Asker: 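Pasting in a structure now, in structure tokens, and then I'll have a few things to ask.
The chains referred to below are lettered A, B, ... by the order of the sequence lines, with proteins before strands, and numbering in each begins at 1. Please read these numbers as outputs of a predicted model, since none were measured by experiment.
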Amino acid sequence: MTYLAIDALNVEIGGFALRDFSLNANRGEYTIILGPTGAGKTILLETIAGLHPVRSGRITVEGEEITHLPPEDRRIGFVYQDYMLFPHLSVERNLGFGLDMRRIDRHSAITKVQEAARLLGIEHLLPRMPASLSGGEKQRVALARALVIEPRLLLLDEPLSALDPERRESLQQELSRAHDRLSTTTLHVTHDFEEAISLGDRIAVINSGRIEQVGTVDDIFRHPASQFVARFMGARNLFTGVIKHQEEGSVLSIDGIKIAVVTDRHGPAHVSIRPEDILISRGKLDSSARNSYSGRISKIVDRGPLIYVTVCVPLPFVVIITRRSLTQMALEVGMEVYIAFKASAVHVF
Amino acid sequence: MTYLAIDALNVEIGGFALRDFSLNANRGEYTIILGPTGAGKTILLETIAGLHPVRSGRITVEGEEITHLPPEDRRIGFVYQDYMLFPHLSVERNLGFGLDMRRIDRHSAITKVQEAARLLGIEHLLPRMPASLSGGEKQRVALARALVIEPRLLLLDEPLSALDPERRESLQQELSRAHDRLSTTTLHVTHDFEEAISLGDRIAVINSGRIEQVGTVDDIFRHPASQFVARFMGARNLFTGVIKHQEEGSVLSIDGIKIAVVTDRHGPAHVSIRPEDILISRGKLDSSARNSYSGRISKIVDRGPLIYVTVCVPLPFVVIITRRSLTQMALEVGMEVYIAFKASAVHVF
Amino acid sequence: MQTLSKDWMRISFLLLGGVLILFIVWPLAQTVLSSKPGILWQTLLDREVFSSIAITFYSSLIATGIAFLTGVPLAYLLARSTFPGKRLIEGIIDLPIVVPHSAVGIALLMLFGRQGVLGRAFAPLGIKFVSAVPGIVIAMLFVSMSYLVNAARDGFASVDPRLEKVARTLGASQWRALWHVSFPLAWRSILSGMILMWARGLSEFGAVIILSYHPTVAPVLLYTRFESYGLDYARPLATILILSCLVVFVGLRMLTGRSR
Amino acid sequence: MQTLSKDWMRISFLLLGGVLILFIVWPLAQTVLSSKPGILWQTLLDREVFSSIAITFYSSLIATGIAFLTGVPLAYLLARSTFPGKRLIEGIIDLPIVVPHSAVGIALLMLFGRQGVLGRAFAPLGIKFVSAVPGIVIAMLFVSMSYLVNAARDGFASVDPRLEKVARTLGASQWRALWHVSFPLAWRSILSGMILMWARGLSEFGAVIILSYHPTVAPVLLYTRFESYGLDYARPLATILILSCLVVFVGLRMLTGRSR
């Protein structure tokens with residue numbers, strides 16, 4: 001049975017609207033809601049949390065309808081992009097706020113706060129005031145505050161976007177770890193494509209208040225359901241595989257094909273290669289490019305000055321070349337060609 | 001004789017200081033002052049315009065000392081990055097402001113305003129109010145307003161940085177055109193490396209209130225005088241040549257070497273190629289890369305995981321490769337190699 | 001030369017402004033400095049003076065309390081909601097600043113006087129407004145409530161509404177979210193508004209004198225002493241009033257960066 | 001349920017705030033509405049009323065003019081410069097709002113009275129302040145200048161100083177840059193400050209009555225009529241004062257988005 005069911009929701013708030021919005025999630029699932037800025041992602045989450053009146057439609061959690069329940073009776077954790085810690089309360093009292101409001105007895109409240117702080121590694125911050133925390137610390141406190149009430153649903157509104165890149169990675173791991181441990185059903189809103197891919201069991205792409213597509217990363221990337229999804233994903237060579245460290249350097253294996261990469265990471269990972277970084281030739285290449293494959297051209301798309309050539313290795317690689325290269329090399333569909341790209345051109349995330 | 005001479009200027013304004021700042025310019029010269037954000041470029045210009053008191057040092061124009069002259073007596077045109085049009089005056093009265101203040105008679109004032117408006121192609125905007133103009137239009141008006149007083153010196157404070165890329169190019173041409181026509185001695189401040197290269201007869205690189213180096217584009221690029229200049233320029237393959245349209249596409253010629261490029265421009269131009277976009281190999285390459293040259297390795301610099309290889313074609317190209325490629329190909333200084341890069345990897349500006 | 005010409009404009013502006021500053025400071029300073037401490041102390045011990053000051057202080061405190069109960073919720077609505085007529089209400093809140101004080105007294109008397117609608121309505125409850133503390137309170141309330149409502153509205157407006165939203169998701173009712181989050185965060189603004197309102201209430205004369213000659217508030221007592229016995233007799237009380245307002249005002253300034 | 005609980009808090013807040021709004025509007029409305037137009041007209045034709053209104057209006061206008069000449073330059077300095085004692089000056093500018101009006105009258109009388117330092121200094125010039133228009137003007141100036149200075153300062157602060165710098169490079173002296181650029185751009189704020197100051201000056205009673213019983217300003221005339229003949233006789237004049245303030249105030253509101 002679906003754990004969270006949003007059914008034909010209609011909401012209208014100051015010029016913005018959700019229309020016939022439907023989305024389901026199973027217990028413990030981590031769903032990424034991916035959409036461009038201004039797609040109404042925050043309003044969607046606020047509506048699920050009960051902060052906006054619903055015109056029509058239903059929201060149910062575990063079969064219980066919560067559509068018209070006030071937010072304080074929903075037990076849904078919410079983390080805003082810019083933290084929204086209570087500036088007049090210490091970290092400890094921020095974490096305890098939800099328990100105080102629910103009139104949990106003092107003793108078990110202290111235990112729960114301690115537990116949540118331990119889970120996110122912020123025990124040492126408990127006596128501090130929010131103003132003295134760094135961005136990453138604030139974010140962790142906001143997450144702990146939402147988790148301490150043992151929410152039935154966790155809503156994250158672009159939780160990583162206000163952080164600098166290094167912090168981002170560590171908090172991303174924190175999120176994964178917390179989710180693995182607690183398996184709280186989570187909706188995580190973002191406009192960042194790579195964030196979506198690294199975190200989501202599944203991704204829902206939304207645009208102007210409407211679901212465009214829901215599916216796995218591969219589904220959405222390989223079979224975009226609409227023009228918008230295709231455009232939003234962009235033309236990229238995106239692959240998922242396992243990175244191993246070998247003598248000659250790191251190698252990512254996908255379906256038996258090995259791609260040399262430059263990274264410290266290992267284990268499952270995603271990589272992308274920009275189509276303009278791939279070289280195509282009719283003869284075998286002997287160059288500094290460590291990745292070199294032979295394949296067959298499966299598609300040639302003409303886009304004015306630039307030509308998109310898809311080469312199946314059999315893994316499909318999209319390569320961008322100039323019109324002149326196309327005529328010079330006389331490329332045609334079905335032709336056997338070589339492609340090559342440098343290990344440093346492979347983006348791992 | 002130098003037209004503008006700034007000699008050992010010392011200025012201190014709210015925590016920021018110019019120290020022993022010296023800079024000369026000949027009549028009609030277009031000098032770019034290039035430096036990172038926060039290097040004190042705006043304060044430098046404001047000081048030259050007379051808006052900050054000078055502690056010590058001298059500023060002379062045409063031999064006349066202006067160090068302590070009030071700004072209204074200097075006849076120095078100033079264009080701020082964010083236009084600073086007078087919002088309560090029409091474009092026409094904005095242009096005429098400097099003439100009114102100088103009590104130029106009404107008839108010749110109208111003529112001068114018309115001329116300046118014609119030079120910058122804003123005659124149709126004269127009756128409009130500044131609030132109704134686009135960014136590019138505002139910029140043109142601000143430029144015309146500064147030029148209408150026939151300044152002895154024109155100071156431009158990041159005049160292009162507030163524009164979007166397309167506007168930028170057209171206003172950049174406007175600037176060149178106005179300068180070619182009027183040959184007003186100009187100081188143009190920017191933090192944008194490419195803007196500096198496309199516009200400057202000469203470039204002065206400044207950092208924290210101090211001149212680091214003054215010279216031609218080539219001087220600064222090829223022979224950085226300091227660590228800072230070298231770092232700020234970055235490791236790029238930068239060349240200057242002439243673009244011609246040929247049957248097979250556009251080609252840039254430099255010292256007899258031809259580089260295929262993708263562009264609509266022709267005539268003198270600069271190009272840069274990122275070192276990581278160049279492929280290196282020991283045998284001749286037959287690929288989609290339209291630019292392919294043989295040359296000799298003149299230098300190999302080891303920077304940890306990445307290696308910088310300089311190949312003289314004899315034009316020197318810097319190529320970045322991985323350590324593994326280096327050992328695999330057994331590259332050594334003096335070795336004959338081939339390099340290749342795609343026409344689309346060449347950045348023209 | 002540049003610095004010199006700059007200085008000329010600055011200097012003339014400072015001189016002009018200095019005249020205005022001097023015009024404010026000189027009379028107050030002279031009044032305070034020319035009073036002997038012994039006489040001030042004696043004046044304070046005067047029963048009539050003491051009771052008038054006491055009445056002034058606590059009437060203004062009651063008026064501030066009433067404005068707190070009614071005006072702070074209104075300020076919250078003005079900061080958080082948009083509704084038709086909002087701009088009108090904001091205008092009405094600012095209105096008492098410009099209505100002549102003696103006209104305020106007349107208008108209040110027409111409504112709260114013995115013949116007035118509310119005067120008659122409250123009479124059975126034993127509350128009368130003419131020549132009574134309730135009259136003083138409503139006069140003070142009328143002329144000074146703007147300061148509290150505006151300060152409280154600005155205070156609430158500076159609290160991010162999403163803090164309340166987060167509190168709601170954490171289990172706080174709307175009321176508790178206001179009480180535990182927005183109210184403590186707006187408290188400094190509200191408090192400074194209350195102090196300003198209280199001080200403005202203390203200083204009211206025109207509206208109060210029409211409603212209540214007896215009991216007498218301090219500004220009215222000051223006036224009657226001046227009328228009956230002349231300047232020298234009025235001066236110590238004036239000094240005491242100015243000094244107590246200065247203390248309140250300095251306290252206010254220390255509480256907030258800028259009071260306005 | 002959520003909307004309902006939301007509404008409960010809103011409704012109770014609106015009710016509480018409504019009491020306050022009603023408290024402001026009702027007395028004013030009743031005063032205005034219960035006066036017959038014929039009687040108002042007759043009152044206006046009364047020589048004593050007409051001259052008191054004229055004196056009030058032009059005294060306040062003169063006070064506003066003086067504050068414009070001295071306070072606007074000061075406001076410019078406060079907006080554009082930082083100098084030691086700036087915060088102190090800002091405090092002094094706000095001070096008149098909290099000083100009791102009758103104490104202001106006493107303090108001014110001590111300085112400008114027949115025995116006062118300035119009173120004696122101005123006497124040879126034929127200017128006297130007690131029972132004379134100059135006294136009315138200084139009383140009004142004291143209690144109302146804060147509004148103009150603060151509005152002008154905010155107005156100047158909102159003009160980018162670089163606009164003046166550009167004007168300087170175009171050949172404007174410092175003074176002309178101020179006059180042709182900053183002043184026109186701050187003009188709306190300054191004008192609204194002048195209107196507010198003027199209206200506040202009109203409404204002053206406590207400070208004025210101590211300095212000048214004759215010539216009589218309208219708020220004082222209102223009070224003396226009430227004292228001598230009672231409420232019914234005072235009402236038409238109160239109505240006229242309230243109406244003229246309302247007109248000024250609505251004009252102010254239309255001039256600026258929000259007056260504060």
Asker: What is the ring orientation for Phe205(C) with Phe205(D), classed by angle as parallel under 30°, tilted 30 to 60°, or perpendicular over 60°?
Answerer: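 Geometry flag for Phe205(D) against Phe205(C): parallel rings.
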
Asker: Quick one: of Ala107(C), Pro96(C), Ser34(C), Gly71(C), who has the most non-hydrogen atom pairs under 4.5 Å with chain D?
Answerer: Ala107(C)

Asker: Which heavy atom of Pro100(C) sits nearest a heavy atom of Ser203(D), and at what distance?
Answerer: CA-CB, 3.1 Å

Asker: Measuring heavy-atom distances to chain C, does Val72(D) have an atom under 4.5 Å in its side chain, in its backbone, in both, or in neither?
Answerer: neither

Asker: Top residue by heavy-atom pair count (under 4.5 Å) with chain C, among Val250(D), Ile242(D), Thr56(D), Ile209(D)?
Answerer: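 Between Val250(D), Ile242(D), Thr56(D), Ile209(D), the count favours Ile209(D).
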
Asker: Using heavy-atom distances under 4.5 Å, tell me whether Tyr213(D) contacts chain C through its side chain, its backbone, both, or neither.
Answerer: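 Side chain only.
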
Asker: With a 4.5 angstrom heavy-atom cut-off, which part of Leu118(D) approaches chain C: side chain, backbone, both or neither?
Answerer: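 Looking at Leu118(D), just its side chain touches chain C.
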
Asker: How far does CG of Leu16(C) sit from CG of Leu77(D), to the nearest 0.5 angstrom?
Answerer: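 Answer rounded to 0.5 Å: 9.5 Å.
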
Asker: Using side-chain heavy atoms (C-beta onward) and a distance below 4.5 Å, is Leu28(C) in contact with Val99(D)?
Answerer: yes

Asker: Can you find a pair of side-chain heavy atoms, one from Phe249(C) and one from Asp94(D), that are under 4.5 Å apart?
Answerer: yes

Asker: With a 4.5 Å cut-off on heavy-atom pairs, point out which of Glu204(C), Glu227(C), Arg235(C) contacts chain D the most.
Answerer: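 With the most close heavy-atom pairs to chain D, the winner is Arg235(C).
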
Asker: Quick check: do Ser12(C) and Pro73(D) have side-chain heavy atoms less than 4.5 Å from each other?
Answerer: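 Side-chain contact under 4.5 Å: no.
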
Asker: Heavy atoms only, distances under 4.5 angstrom: which of Leu109(C), Val32(C), Thr239(C), Leu246(C) has the most pairs with chain D? Name it, please.
Answerer: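 Most heavy-atom pairs under 4.5 Å with chain D: Leu109(C).
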
Asker: Can you tell me which of Val220(D), Leu231(D), Val19(D), Leu69(D) forms the most heavy-atom pairs within a distance under 4.5 Å of chain C?
Answerer: Leu231(D)

Asker: If the plane angle is over 60° it's perpendicular, under 30° parallel, otherwise tilted; pick one for Phe23(D) and Phe142(C).
Answerer: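 Rings of Phe23(D) and Phe142(C): perpendicular, over 60°.
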
Asker: Please classify the contact of Val149(C) with chain D as side chain, backbone, both or neither, using a heavy-atom distance under 4.5 Å.
Answerer: side chain

Asker: Side chain, backbone, both or neither: which part of Leu237(C) has a heavy atom under 4.5 Å from chain D?
Answerer: neither

Asker: Ser102(C) side chain to Tyr223(D) main-chain N or O, any donor-acceptor pair under 3.5 Å?
Answerer: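 No: the side chain of Ser102(C) does not pair with the backbone of Tyr223(D).
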
Asker: Does the side chain of Leu178(D) come within less than 4.5 Å of Met9(C)'s, by heavy atoms?
Answerer: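 Yes - at least one pair of side-chain heavy atoms lies under 4.5 Å apart.
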
Asker: Rounded to the nearest 0.5 Å, what separation is found between the CD1 atom of Ile93(C) and the CG atom of Leu20(D)?
Answerer: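 CG of Leu20(D) is found 5.5 Å from CD1 of Ile93(C).
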
Asker: With a 6.0 Å cut-off (strictly less than), is the heavy-atom count around OH of Tyr229(C), excluding the residue itself, greater than 12?
Answerer: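 Count not over threshold, so no.
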
Asker: So, do Ile24(C) and Met145(D) sit near enough that their side-chain heavy atoms are less than 4.5 Å apart?
Answerer: yes

Asker: How about CD on Gln115(C), more than 12 heavy atoms from neighbouring residues, nucleotides or ligands closer than 6.0 Å, or not?
Answerer: no

Asker: May I ask you to name which of His101(D), Arg80(D), Arg200(D) has the most heavy-atom pairs under 4.5 Å with chain C?
Answerer: His101(D)

Asker: Against chain C, work out which of Ala207(D), Ala67(D), Ser81(D), Ser173(D) has the most heavy-atom pairs shorter than 4.5 Å and name it.
Answerer: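 Most pairs with chain C among the choices: Ser81(D).
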
Asker: Below 4.5 Å from any heavy atom of chain D, which atoms of Tyr147(C) appear? Answer side chain, backbone, both or neither.
Answerer: side chain

Asker: Checking Pro219(C) against chain D: side chain, backbone, both or neither under 4.5 Å from a heavy atom?
Answerer: both

Asker: May I ask you to name which of Val25(C), Leu141(C), Asp232(C) has the most heavy-atom pairs under 4.5 Å with chain D?
Answerer: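 Among Val25(C), Leu141(C), Asp232(C), the one with the most close pairs to chain D is Leu141(C).
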
Asker: Considering only heavy atoms and a distance below 4.5 Å, find which of Ile240(D), Leu74(D), Leu111(D) pairs most often with chain C.
Answerer: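 Maximum pair count with chain C is reached by Leu111(D).
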
Asker: Which answer fits Leu15(D), side chain, backbone, both or neither, if we ask what part of it has an atom under 4.5 Å from a heavy atom of chain C?
Answerer: neither

Asker: Which atoms of Ser244(C) are under 4.5 Å from chain D, going by heavy atoms: the side chain, the backbone, both sets, or neither?
Answerer: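 For Ser244(C), no heavy atom lies under 4.5 Å from chain D.
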
Asker: Less than 4.5 Å to any heavy atom of chain D: does that hold for the side chain of Ile210(C), its backbone, both, or neither?
Answerer: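 Both parts, backbone and side chain.
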
Asker: Can you tell which of Leu95(D), Leu108(D), Val117(D) has the highest number of heavy-atom pairs within less than 4.5 Å of chain C?
Answerer: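 Ranked by heavy-atom pairs under 4.5 Å with chain C, first place is Leu95(D).
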
Asker: Would you call Leu222(D) and Ile106(C) a side-chain contact if the rule is heavy atoms closer than 4.5 Å?
Answerer: yes

